[in-house]
Protein chains: 2
Amino acid sequence: MASHGARGRGGGRPTLEEVAARAGVGRGTVSRVINGSPRVSDATRAAVEAAVAELGYVPNTAARALAANRTDAIALVVPEPETRFFAEPYFSDMLRGVGAELSDTEMQLLLIFAGSDRERRRLAQYLAAHRVDGVLLVSVHADDPLPDLLSQLEIPAVISGRRSADETLPSVDSDNYGGGRAAVEHLMARGRRKVVHLAGRLDVYGAQRRVDGYRQALLDAGREVDDRLIVPGDFTENGGRRAMTLLLERCPDLDAVFAGSDVMAAGARQVLREAGRRIPDDVALVGYDDSAIARHMDPPLTSVRQPIEEMGRTMIDLLLGEIADRRPAVSRGLEKRQLVLPAELVVRASS
Amino acid sequence: MASHGARGRGGGRPTLEEVAARAGVGRGTVSRVINGSPRVSDATRAAVEAAVAELGYVPNTAARALAANRTDAIALVVPEPETRFFAEPYFSDMLRGVGAELSDTEMQLLLIFAGSDRERRRLAQYLAAHRVDGVLLVSVHADDPLPDLLSQLEIPAVISGRRSADETLPSVDSDNYGGGRAAVEHLMARGRRKVVHLAGRLDVYGAQRRVDGYRQALLDAGREVDDRLIVPGDFTENGGRRAMTLLLERCPDLDAVFAGSDVMAAGARQVLREAGRRIPDDVALVGYDDSAIARHMDPPLTSVRQPIEEMGRTMIDLLLGEIADRRPAVSRGLEKRQLVLPAELVVRASS
DNA sequence: AGGTACTGTGGGAGCGCTCCCACAGGTGAT
DNA sequence: ATCACCTGTGGGAGCGCTCCCACAGTACCT
C-alpha cells in the first residue's frame, strides 16, 4: 500500500536490480539485454524489455562508466577563440557533419574551446581525467602541443588536415593538391595564358600542397613554372592585397589568379579593380574554400570546395574505429588511418 | 624493482587508495583534501598534496559521479537548429558569458541542439539519464514542452527571457519594458511628435513588454496612445516592410518609428526610403537588439542593447545556486529567482 | 577527577553497473 | 551410455569514489 506503479519509492530512479526482479531474471541477463548481446533467448528478452518499459528504466551512465571504463562521449576540440569559431563557416559545417554521423550512436559530443592558455590548461586537466573516449581536433597548427599530449595520454584522436606529409595521428584531409590542380587546369582550359598563384602561409601543409598542385598543372600543360609568380599571403584580406600588388608588378600581363583562399581573393579583387583590370574579362580569379564570401562577391567567385561536412563524418568514423580497436588488447595494425577526400571546383562568374 | 616513480604499474591511473598509501594516511583523508574540506590539519594536507603531485593523481569522474550522485556538468540547450545558432550573435554572446562564468568552476559545459524532433527525443533520453546537474535553456518559445519536462524530472534549470508574466522557472530576462520606454523617451526628447511602434510578435512576452514600455512613455509625456499606430511584425525583414507600409498609410505624418527588432527596422528603412522619407531628417528610426545589422546600417541604427553576455553569466549564477540548494534536503525558500537586467539605448545617426 | 565538546582521522558500506566464472540443461557425436 | 560442447542464465567481485560512523586525542569546563 506504499508506492504505486512505475518507479519505486523515494523518487529514485529504478536500477538494473529492480528491473531484474520485475522481469524475474538475474542482473546479468538484464545487462545483456540492455547492451544488445545476442546470447539471450527471445522470450527472456521480451520479458526484460517489458520490465524496462514499465519501470521507465534508464541506465546510470556513471555506474556504467565506472564499471566499463568508458564514457560514451567524445570531444570536438577547437584550438581557437570562440569568435573565430562563430565567424568561419568551416566550423559549423564540420559540426553538422559530426553531429549527423553521431546521431546514430549513443555517443555524446562535447564542444571544447581551447583558445586561451587558461582554457588549454583546463582542457589538459580534462583529458587527464579521461572524461572522453576520444578527441576530434580541428584546425591544428603545425607546432601545437595538443596532438602529442593526446598520444601521451593514449587517448584516441583524429585531426582534420595534417601537420606534415608524414602525419602520425589518424587524420582526414581534403585533396589540396588536386584542388590546386583543378583550379589551374580550369583557368588554362578557359584559355588563360599567364596564371599566377597567390599562395597561403607556406608553413601550413595544406597551403603547400595547393602550390604543388599549381606547379604540376602548369608542368603537365608543358608550361614553365616561374617561382616569382608564386607569392605567399597570410590568409588575410590584407595579405591578399599585398601579394596581389607584388604579382602585378612582377607580371603586368597576367590574365589569371589562383588564390589560396577566398578571403585573399577578396583582397586581390580590390587591387585588381584599382588597377583597372576587369574580372573576368581581363583577369580570371579563382579562390579556395567556397565560403560565403565567394558566393556574395561581385562577380561571384569561382572557388575550390572542400567537403567539410563529409570530412566531419569521416573523422567520426575513424575515431569510432580507433576507440573500438583499443577495447580488446589487440591492435589490428595500421590500416588506412590517413584519409584524403576529394576537393571540387565550383565555377562561377569570376573565371 | 618493478615500477618506477610516477604512476604505478600497468599504465593505469593512480587511485585515491594509492595516494593514501603514499601519503601514509587513510582514504577518507585524501578525499577530504581533494574536496577542500577544512577539517584536515595543515601537515596532513601538505603530505597528501605532495603525494597527489608525485603520482599525478586525477580523480576519476565516473566514480565520483556514482558515489556522490552528481555529474559536475551542465547543459546549454538550444531549442533551435544549428544554423540559427551560428547565424545569430545572440547565442555566441550568451555562450561567451556562460563560458566566462563557468571557467572559475569545475563544471563542464555541454552544448546541445534540440532543433529537430529527433534531437529532442535524444535530449529527453539524455535528461532522463540525469547526465547533467542542471540545464540552461535559451530562446524558449511559449509552448515549448521542455521546461515542463525539466521540472518533472526535477532537474535544476534556468531559462533566458520568460514565457509569461508569472514565470515559474528561474529566469533571467532583460528589461524589455524599460528598453521600450527608453527608446520612445529618446525619440520624444529629440523633438519627435508622432512616434509609432513597429512591434514584434505579440505572443512573445518580451515583445509585449516593449509595447507596454512604448505606451507608458507616451502616457507619461501626456500624449495619447493610438492602438492603430502599434502594428505587429513577425521579427522578419519582410514583416517589417509590411508593417511599415501599413503604418505609413495610417499615419502619413509620422516622424519617428520604434521597431521591435533591428531586422524589422531594416525592412522599415527600405519602405521609408521608397516613400521618399529621409532618415533621420524626416523620420527617426530606433531598433532593438543592437545587432551587427544596426552598426552596419546606413545610417547606423540607434538600438536598444540587451546585456546578453551578462545575462549568460547571471543565468549560471542562478543555476549553480539552484543546484547547491538541492543538495541538502532544505529548500531555502523562494528567493529572487526571476531576474531582470537593464537594457541600454545605444544612440547612433538614425535618430 | 570526571564530564562535555570539539578536531582530526581511519575505514566500512554502498553507489549501479560490467565482466566473467560457474553451472544447468540440451544436443549430437562416439 | 558417455563424453564433449554448445546456449542461456545467475550472481560474485570489483570499478574508485563519497558519506558517515566510530574513535583517539586534546582542550576546557565544572
Side-chain angles (χ1 to χ4, degrees), chain A residues 7-8 10-48 51-52 55-72 106 128-131 133 327-329, chain B residues 7-8 10-48 51-52 55-72 106 128-131 133 327-329:
Chain A
R7 43 197 69 178
R13 300 156 51 200
T15 69
L16 248 205
E17 198 90 47
E18 287 165 31
V19 175
R22 174 107 185 187
V25 300
R27 197 164 20 76
T29 301
V30 177
S31 177
R32 254 161 261 150
V33 172
I34 298 294
N35 294 291
S37 158
R39 314 183 122 318
V40 181
S41 73
D42 289 350
T44 310
R45 163 167 290 114
V48 170
V52 166
L55 296 175
Y57 171 74
V58 178
N60 180 319
T61 345
R64 173 177 286 176
L66 178 59
N69 196 32
R70 63 202 168 89
T71 64
D72 292 324
E106 295 287 76
H130 285 261
R131 294 189 65 166
D133 292 338
R327 303 265 216 243
Chain B
R7 41 197 70 178
R13 299 157 50 199
T15 69
L16 247 204
E17 196 91 47
E18 288 164 30
V19 174
R22 174 109 185 185
V25 300
R27 196 163 21 77
T29 302
V30 177
S31 177
R32 254 162 260 148
V33 172
I34 299 293
N35 294 292
S37 158
R39 314 184 122 317
V40 181
S41 73
D42 289 349
T44 310
R45 177 184 312 276
V48 170
V52 165
L55 296 176
Y57 172 74
V58 179
N60 181 319
T61 345
R64 175 177 286 175
L66 179 59
N69 195 32
R70 61 199 170 91
T71 64
D72 292 325
E106 295 286 78
H130 286 261
R131 293 188 65 168
D133 293 339
R327 303 264 216 245

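Source: prediction; values computed, not measured. Chain letters run A, B, ... following the sequence lines, proteins first, then strands; residues in each count from 1.
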Do B/L66 and B/R64 pass the side-chain contact (heavy atoms from CB on, under 4.5 Å) test, and can you show the C-alpha distance, the side-chain angles, and the key distance before you say yes or no? CA-CA 5 Å; B/L66 179 59; B/R64 175 177 286 175; over 6 Å; no
Side chain of A/R39: nearest nucleotide among C/dG8, D/dG8, C/dT18? D/dG8
NA contact type, A/T61, heavy-atom cut-off 4.0 Å: base, sugar-phosphate, or nothing? nothing
Between P of C/dT18 and CG of A/N69, the distance in whole Å: 13 Å
Contact nearer the 5' end of DNA chain D, comparing B/N35 with A/R27: A/R27
Output the single nucleotide from C/dG16, D/dC17, D/dT18 whose closest atom is nearest the side chain of B/N60. D/dC17
Testing D/dT18, C/dT9, C/dC17 for proximity to the side chain of A/T15, the answer is C/dC17
Looking at B/T71 and B/D133, would you say the former's side chain and the latter's main chain have a donor-acceptor pair under 3.5 Å? yes
Take atom CZ of B/R70 and atom C1' of C/dC15, then tell me their distance rounded to the nearest Å. 13 Å
What integer distance in Å separates B/E17:CD from C/dG10:C1'? 11 Å
Please compare A/G28 and B/V25 by the position of their nearest nucleotide in DNA chain C and report the one closer to 5'. B/V25
Rounded to the Å, how far apart are B/R13 CZ and D/dC17 C1'? 12 Å
Kindly indicate whether the side chain of A/R70, heavy atoms from C-beta on, has any atom under 4.5 Å from the side chain of A/D72. yes
Write down the distance between CZ (B/R64) and P (D/dC19), rounded to a whole number of angstrom. 10 Å
Should B/S41 be listed as having a side-chain N or O under 4.0 Å from OP1 or OP2 of C/dT9? yes
Would you mind reporting whether A/V33 and A/V25 have side-chain heavy atoms less than 4.5 Å apart? no
Distance-only donor-acceptor test (3.5 Å): side chain B/R32, base C/dG10: yes
To the nearest angstrom, the CZ-C1' distance between A/R45 and D/dT7 comes to 13 Å
As a quick check of understanding, evaluate side-chain contact (heavy atoms from CB on, under 4.5 Å) for B/S31 and B/I34, giving each step before the final call. CA-CA 5 Å; B/S31 177; B/I34 299 293; 5.7 Å; no
To the nearest Å, how far apart are A/I34 CD1 and D/dT9 P? 15 Å
Can you find a side chain N or O atom of A/T29 that sits less than 4.0 Å from OP1 or OP2 on D/dG10? yes
Heavy-atom nearest nucleotide on DNA chain D taken for A/P38 and for A/L66; more 5' hit belongs to A/P38
Send over the distance from A/E18 CD to C/dG16 C1', rounded to a whole Å. 10 Å
